[in-house]
Amino acid sequence: MDVQPVLILGGGINGAAVARELILNGVPVWLLDTADLAFGATAYSSRLIHGGLRYLEFGEFSLVKESLDERARLLKLAPHLVKPLRLFIPVRNNWGGLTQAAGKFLGLRGKSKKTVHRGLRVVQVGLWLYDHYSRVARPERAWDGSILPPRSLHRLDEEGVPAVNPKVAKRLWAYSDAQIIFPERLVIDFLADARELAKASGLDFRVFTYHRAALKGSTVEISPTDPVGRGSPDPAPGDGEFTVEPSAIINATGAWVDSTLARLPLPSRRLMGGTKGSHFLTYHPRLAELLNGQGVYTEARDGRPVFLLPFCGGTLVGTTDIPFDGDPAAAVATQEELEYLLSVVADIFPGAGLQRSDIAMHQCGVRPLPYVDAKTPAAITRRHQLVWNDAAPLPLVSLVGGKLTTCRSLAEETAAAVLHRIGRPVIANSRERPIPSSRHTPCAVASPQLMPEIVDSIQTEWVTHLEDLVERRLMLHFQPQLSRQLLADLAHALVQHGKLEVTEIEPAVTRCAARLRSHFGIQLTNDN
Ligand SMILES: Cc1cc2nc3c(=O)[nH]c(=O)nc-3n(C[C@H](O)[C@H](O)[C@H](O)COP(=O)(O)OP(=O)(O)OC[C@H]3O[C@@H](n4cnc5c(N)ncnc54)[C@H](O)[C@@H]3O)c2cc1C
């Protein structure tokens with residue numbers, strides 16, 4: 001029996017993972033994004049594939065178990081992107097935080113506003129549970145077949161451990177987690193896999209970037225958001241207007257879920273209550289030296305967790321957690337947030353002498369969290385929910401919440417729910433399906449010489465604008481060598497492949513450079 005395509009709104013990690021899961025189940029898919037793929041939170045996260053150690057304090061055991069299970073899968077299925085990471089937790093005392101942790105666990109809110117740092121014993125209990133759940137989930141093997149090492153306790157003077165400030169830490173706990181350097185590439189890999197699967201089984205699979213959807217009865221009208229762009233390769237460039245009567249719609253637009261429903265338009269209660277989170281990247285050599293190539297998971301003075309992570313030859317520091325009601329696309333790191341993160345580094349690594357001028361770039365994203373009346377943003381659940389819209393003339397579900405880590409399990413759950421609603425059986429899942437390896441090694445792209453991989457990206461990876469290539473295919477904004485000349489070379493390559501007119505090169509470079517400056521704090525020069 002033929003079925004109409006399922007329309008997925010949103011090309012972040014969740015939309016892409018669901019697209020692949022539905023194609024695996026023999027259902028045609030159209031995926032549409034009002035901007036580029038991975039334009040939202042997916043590109044602004046801490047890039048950890050983790051169980052979420054601190055969720056244990058809030059009693060979120062099933063979320064931690066699910067996340068650890070997915071961590072094990074991603075390590076195995078996407079070893080080109082997901083790597084084991086050892087994280088060190090500096091502990092300041094023995095028993096600190098015990099009462100508070102127990103209070104949070106029992107759902108009690110203490111009266112005291114005083115920050116109490118989690119001590120050695122509290123962290124030990126958390127790590128014991130974490131290790132226990134990892135083993136229950138499945139013994140985790142890294143790419144080379146070795147099992148991820150369990151927790152270990154270290155003295156500050158041991159070799160190979162981060163050289164943290166002895167005034168604020170007495171010992172270090174170490175534990176295993178994983179890091180996905182480029183979730184942007186996982187989005188592309190999911191969609192590339194979906195495209196191959198669809199081709200092999202003759203399914204209709206289309207990706208529309210820079211397009212919007214409007215619901216007219218049970219028909220969806222699709223039109224371009226951007227008359228300048230040349231459109232993505234599927235569909236072929238044209239006037240960009242399409243209509244479809246989808247069998248179901250999946251609203252996977254992250255922090256935009258409410259505004260997407262309003263624009264379709266469909267009535268809905270408020271679903272989202274996002275918080276913004278900022279990071280900065282520094283290439284400061286002394287800080288890297290003090291970190292000893294390891295990750296650190298520490299606490300700010302207000303008790304908020306902050307990560308210092310090895311990333312692209314530098315150190316990624318974040319994050320903040322601030323309620324945010326504006327347009328997620330406009331969220332940028334403020335001076336105040338950067339000062340806050342710098343103060344955490346100064347506290348734990350005073351010897352680095354990190355200054356504002358050492359920040360190479362910053363980024364900010366909005367977490368797609370469910371709307372709740374929580375006083376503490378950190379306490380809002382990171383668990384996802386599927387919310388059906390009863391006012392829609394066809395099955396329409398919104399994905400609320402979630403993490404990078406659980407994108408595959410969320411996709412499996414969503415696909416099963418949608419298949420059920422459209423009367424189709426679940427015939428497959430992605431639990432054991434390797435995620436195809438991409439040839440790209442973005443951190444190594446340091447010269448203006450254009451590699452075949454870049455051309456391949458322009459031709460096959462739904463690139464429309466120069467920014468798509470720079471920020472979400474090659475991730476050159478994390479490169480200290482990024483120059484205006486490199487932008488110009490890439491713009492010429494876009495011209496060669498029909499994505500840009502020659503007369504548009506200069507405006508495209510200027511627009512891209514301006515966004516790098518305003519959005520990421522990156523100042524290009526003509527010749528650096
Ligand atoms: C600061 C921060 C740190 C994080 N750290 C981690 C971490 O370390 N580990 C982890 O597992 N998770 C982490 N997360 C969470 C994770 O990044 C998100 O849960 C995940 O990326 C959400 O993906 P998504 O596909 O649902 O949404 P998004 O990635 O936000 O994608 C939504 C897409 O929808 C598009 N869109 C918007 N409106 C429309 C519309 N009307 N029609 C069509 N398309 C539309 C947007 O352009 C965008 O491309 C973090 C998040 C943040 C913000």
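Just so it is clear, the values below take in all heavy atoms, side chains as well, and ignore hydrogens, waters and symmetry mates. Atoms within a ligand are numbered from 1 in the order they appear, just like the ligands themselves.
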- Task: Indicate, as side chain, backbone, both or neither, the part of R212 found under 4.0 angstrom from ligand 1 when only non-hydrogen atoms are considered.
- Result: neither
- Task: For the residue pair R431 and R73, establish whether any side-chain heavy-atom pair is separated by less than 4.5 Å.
- Result: yes
- Note on the structure: Which of I89, I348, D347, V345 passes side chain to side chain contact (heavy atoms under 4.5 Å, CB included) with T298? Answer is I348
- Message: Once you restrict to heavy atoms under 4.0 Å, what part of T319 touches ligand 1? Side chain, backbone, both or neither.
- Response: side chain
- Task: Give the ring-plane orientation class for F520 versus Y44, where under 30° counts as parallel, over 60° as perpendicular and anything between as tilted.
- Result: tilted
- Message: Using a 4.0 Å heavy-atom cut-off, which part of P368 comes near ligand 1: side chain, backbone, both, or neither?
- Response: side chain
- Task: Would you mind telling me if ligand 1 is within reach of the side chain of T406, the backbone, both or neither, using heavy atoms under 4.0 Å?
- Result: neither
- Task: Check D36 against ligand 1 and report side chain, backbone, both or neither, counting heavy atoms closer than 4.0 Å.
- Result: backbone
- Query: At their closest point, which heavy atom of R20 faces which heavy atom of S430, and how far apart are they?
  - Reply: NH1-CB, 3.6 Å
- What protein heavy atom is closest to atom 16 (C) of ligand 1, reported as residue, atom name and distance in Å? L404 N, 3.8 Å
- Counting heavy atoms under 4.0 Å, the part of F39 that contacts ligand 1 is both
- Item | For G277, the ligand 1 atoms whose distance to one of its heavy atoms is below 4.0 Å | 1 (C)
- T275 side chain to R367 side chain, donor-acceptor N/O pair below 3.5 angstrom: yes
- Message: Is the shortest side-chain heavy-atom distance between F280 and L342 below 4.5 Å?
- Response: yes
- Can we say R195 and E461 salt-bridge, meaning some charged N sits less than 4.0 Å from an Asp/Glu carboxylate O? no
- Task: Examine ligand 1 and decide if any of its atoms is less than 4.0 Å from a heavy atom belonging to R263.
- Result: no
- Message: Out of all atoms in ligand 1, which are within 4.0 Å of some heavy atom of Y44? Include the element for each.
- Response: 1 (C), 2 (C)
- Message: List ligand 1 atoms under 4.0 Å from G402, heavy atoms only on the residue side.
- Response: 19 (O)
